[in-house]
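Data block below; observations after.
Residue numbers start at 1 and run along the sequence shown.
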Amino acid sequence: MKCAWREGNQITLLENGDQYYPAVFTAIDKAQAKVILETFIWFEDEVGKQLHAVLLRAAKRGVQIEVLLDGYGSPDLSDEFVNELTEAGVIFRYYDPRPRLLGMRTNLFRRMHRKIVVVDGHTAFIGGINYSAEHMSNYGPEAKQDYAVQVKGPVVQDILQFELENLPENAPARRWWRRHHRPEENRMPGEAQALLVWRDNDEHRTDIERHYLRMLATAKREVIIANAYFFPGYRLLHAMRRAARRGVRVKLVVQGNPDMAIVKVGAVLLYRYLVKSGVHIYEYQRRPLHGKVALMDDHWATVGSSNLDPLSLSLNLEANLMIHDRQFNQTLRDNLNTLITQDSRRVDESMVPKRSWLNLGIGVVVFHFLRHFPAMLGWLPAHTPKLAEVSPPAQPTMETQDRVETENSGAKM
């Protein structure tokens, strides 16, 4: 399928699980016909149990529900937890659910990283928030800072169609050749416009990255990128530098309190290149940043699941919503500027690695290794992913039910 810019949408920014979960759970509780939910992580914690309860209620009143989880991100849901849903009629699938080898997970690459919910074809949610308690602000110092959007309007039909076409029974045949789609141009810019963009390992390998590149090339005044795992390729780095050099105020917000140490190691390698070019880099200090958002000038913005790192740009299944709307742009700008002014530290030249032949050599080797190693492994046949549906538990026969009821009656007597 090919999506186009749609007008007349209602788009609401949702910050962290505090705003996201109540909106999603309320929408599912009001569902009448169909719910499609896919996510990278679903933990069996307080938040995960709330999602379980709301899906179970919907299934029991006859709503058709389909769930897709990533086999790496959500490997530990108990059989009892899943079986209760499948027994109620929920179609439950895992993306690439590989067995452990010597206690270690082997499905490290090509993850299903999207976070999408579609309810009855009229409401959709898309962003970077998983289903776990660590996305709640009361979780503590390790609570994640993240974003999603709730959207109503014509673009929801595109999101629904995308979901339906990616079900196993509807998946299009893979071609031996691959076409590279150009970013869909917004030929009549206006308000409340939205476009679904995704990345897969077939014909849409670079779609999200290309929208970032076009955004940087056309920016006139300001760009703000807040991205949890920032380690892009040459083209995006060059585009950021060129934008800054022609006078665009380019702000980059990255993790200063990372959830994984390697995240900061990779980002620091890029500091000199970007800071010397005039890019303003801010390390968010309050808690781990998990957002994947950006904005440009006074209309364009994006919210989604795609990081700007090798996994998201080369291997993972991702989805972002591109938005052209003045009010939404300003809402996101105000939010990110608050993060910058209140909880971030600006990186200056004293904080970048000293320039030397040794540092240059180490930087080049590490950069190329981190940038290309996941993609090289992803080409291996062992990492060709598949979907696996969880079968519902065996239903008792009438004879078994009669026997159980007789035994229970005898026990009561």
Salt bridge or not for Arg333 and Glu222, using N-O below 4.0 Å? yes
Side-chain donor/acceptor of Ser312 to backbone N/O of Asp309, under 3.5 Å: no
Just by distance, no angles: are the side chains of Glu318 and Ser305 close enough, under 3.5 Å, to form a donor-acceptor pair? yes
Evaluate the criterion side-chain contact (heavy atoms from CB on, under 4.5 Å) for residue pair Phe230 and Leu270; output intermediate values, then yes/no. CA-CA 9 Å; Phe230 182 81; Leu270 309 176; 3.8 Å; yes
Heavy-atom count around Glu191 CD within 6.0 Å, excluding the residue itself: above 12? yes
Can you list everything that forms a side chain to side chain donor-acceptor pair (under 3.5 Å) with Asn138? Sequence neighbours excluded, please. none
No-hydrogen, no-angle side-chain donor-acceptor test under 3.5 Å, Tyr21 and Gln19: no
Are Cys3 and Glu184 side-chain neighbours, meaning at least one heavy-atom pair lies under 4.5 Å? no
Rounded distance (nearest 0.5 Å) linking atom CD1 of Ile116 with atom CG of Leu68: 10.0 Å
Heavy-atom donor-acceptor pair, Asn201 side chain to Leu315 backbone, under 3.5 Å: yes
Identified side-chain contact (heavy atoms from CB on, under 4.5 Å) counterpart of Gln342 within the set Ile340, Thr338, Leu339: Thr338
Exam field: side chain Asp70 to backbone Met112, donor-acceptor pair closer than 3.5 Å: yes
His280 vs Arg249, test: side chain to side chain donor-acceptor pair (under 3.5 Å). Steps then yes/no. CA-CA 8 Å; His280 299 181; Arg249 185 168 61 254; over 6 Å; no
What is the minimum heavy-atom distance between Val54 and Phe25, and which atoms define it? CG2-O, 3.4 Å
Contact list for residues 25-42, test salt bridge (charged side-chain N to carboxylate O under 4.0 Å, His left out), sequence neighbours left out: Asp29-Arg57, Lys34-Glu66, Glu38-Arg114
Within this structure, what is the NE2-CG distance for the pair His122 and Leu160, rounded to the nearest 0.5 Å? 11.0 Å
Using atom types as modelled and distance alone, determine if a side-chain donor or acceptor of Asp120 lies under 3.5 Å from a backbone N or O of Gln32. yes
Do you know the tightest heavy-atom contact between Pro232 and Leu237? CG-CD2, 3.8 Å
I need the full list of salt bridge (charged side-chain N to carboxylate O under 4.0 Å, His left out) pairs touching residues 151-162, with sequence neighbours left out, sorted by first then second residue. Arg6-Asp158
Do Tyr20 and Asp146 pair up side chain to side chain, a donor and an acceptor below 3.5 Å, judged on atom types alone? no
Is there side-chain contact between Leu336 and Val253, with heavy atoms separated by less than 4.5 Å? no
Decide yes or no on side-chain contact (heavy atoms from CB on, under 4.5 Å) for Asp96 and Tyr72, but give the supporting numbers first. CA-CA 8 Å; Asp96 201 20; Tyr72 178 87; over 6 Å; no
Taking the side chain as every heavy atom from C-beta outward, state whether Leu317 and Trp198 have any atom pair closer than 4.5 Å. no
Counting neighbours of CZ on Arg286 that are heavy atoms of other residues, nucleotides or ligands and sit closer than 6.0 Å, is the number greater than 12? no
Rounded distance (nearest 0.5 Å) linking atom CG of Leu289 with atom OG of Ser344: 8.5 Å
How about Glu7: does its CD atom have over 12 heavy atoms from other parts shown lying under 6.0 Å from it? no
Donor-acceptor pair, side chain of Asp343 and main chain of Gln285, under 3.5 angstrom: no
For a side-chain contact (heavy atoms from CB on, under 4.5 Å) check, start with the C-alpha distance between Thr302 and Ile208, then their side-chain angles and the critical distance, and finish with the verdict. CA-CA 10 Å; Thr302 185; Ile208 294 176; over 6 Å; no
Might you confirm whether atom CZ of Arg221 has over 12 heavy atoms from other residues, nucleotides or ligands at distances under 6.0 Å? yes
Under 3.5 Å donor-acceptor, Arg246 side chain and Ala219 backbone: yes
Is there a donor-acceptor contact under 3.5 Å linking the side chains of Tyr271 and Glu283? yes
Minimum side-chain heavy-atom gap Tyr284-Gln145 below 4.5 Å: yes
Of Leu85, Ile91, Leu51, Leu55, which is the lone residue that meets side-chain contact (heavy atoms from CB on, under 4.5 Å) with Val67? Leu55
I'd like to know whether CD of Glu389 has more than 12 heavy-atom contacts from other residues, nucleotides or ligands below 6.0 angstrom. yes
Check the side chains of Ser137 and Asn16 for a donor-acceptor pair under 3.5 angstrom, ignoring hydrogens and angles. no
Closest non-hydrogen atoms of Asn320 and Ser306, given as atom of the first, atom of the second and distance, are OD1-N, 3.2 Å
Do Gln255 and Pro288 touch side chain to side chain, with heavy atoms closer than 4.5 Å? yes
Tell me whether Asp207 contacts the main-chain N or O of Val197 through its side chain, where contact means a donor paired with an acceptor under 3.5 Å. no
In this structure, CZ of Arg61 is separated from CG of Leu56 (nearest 0.5 Å) by 10.5 Å
Shortest non-hydrogen contact from Val90 toward Ala59: CG2-CB, 3.8 Å
Single hit among Thr12, Val303, Leu295 for side-chain contact (heavy atoms from CB on, under 4.5 Å) with Phe328: Val303
The reported gap from CD in Glu87 to NZ in Lys60 (rounded to nearest 0.5 angstrom) is 8.5 Å
Can you check whether Asp45 reaches Tyr139 side chain to side chain, under 4.5 Å on heavy atoms? no
Would you call Leu69 and Thr39 a side-chain contact if the rule is heavy atoms closer than 4.5 Å? yes
Sidechain-backbone polar pair: Asn316 side chain, His113 backbone, donor-acceptor under 3.5 Å: no
Aromatic ring pairing His52/Phe81, orientation class (parallel under 30°, perpendicular over 60°, tilted between): tilted
About how many Å separate CZ of Arg210 and CZ of Arg199, when rounded to the nearest 0.5 Å? 12.5 Å
The test is side-chain contact (heavy atoms from CB on, under 4.5 Å); show your working for Asn130 and Phe43 and say whether it passes. CA-CA 9 Å; Asn130 294 294; Phe43 288 160; over 6 Å; no
Heavy-atom pair of closest approach, residues Ile41 and Ser132: CG2-CB, 4.5 Å
Indicate yes or no: at least one non-hydrogen side-chain atom of Met322 is less than 4.5 angstrom from one of Gln193. no
Which atom pair, heavy atoms only, marks the closest approach of Val250 to Ala243? CG2-CB, 4.0 Å
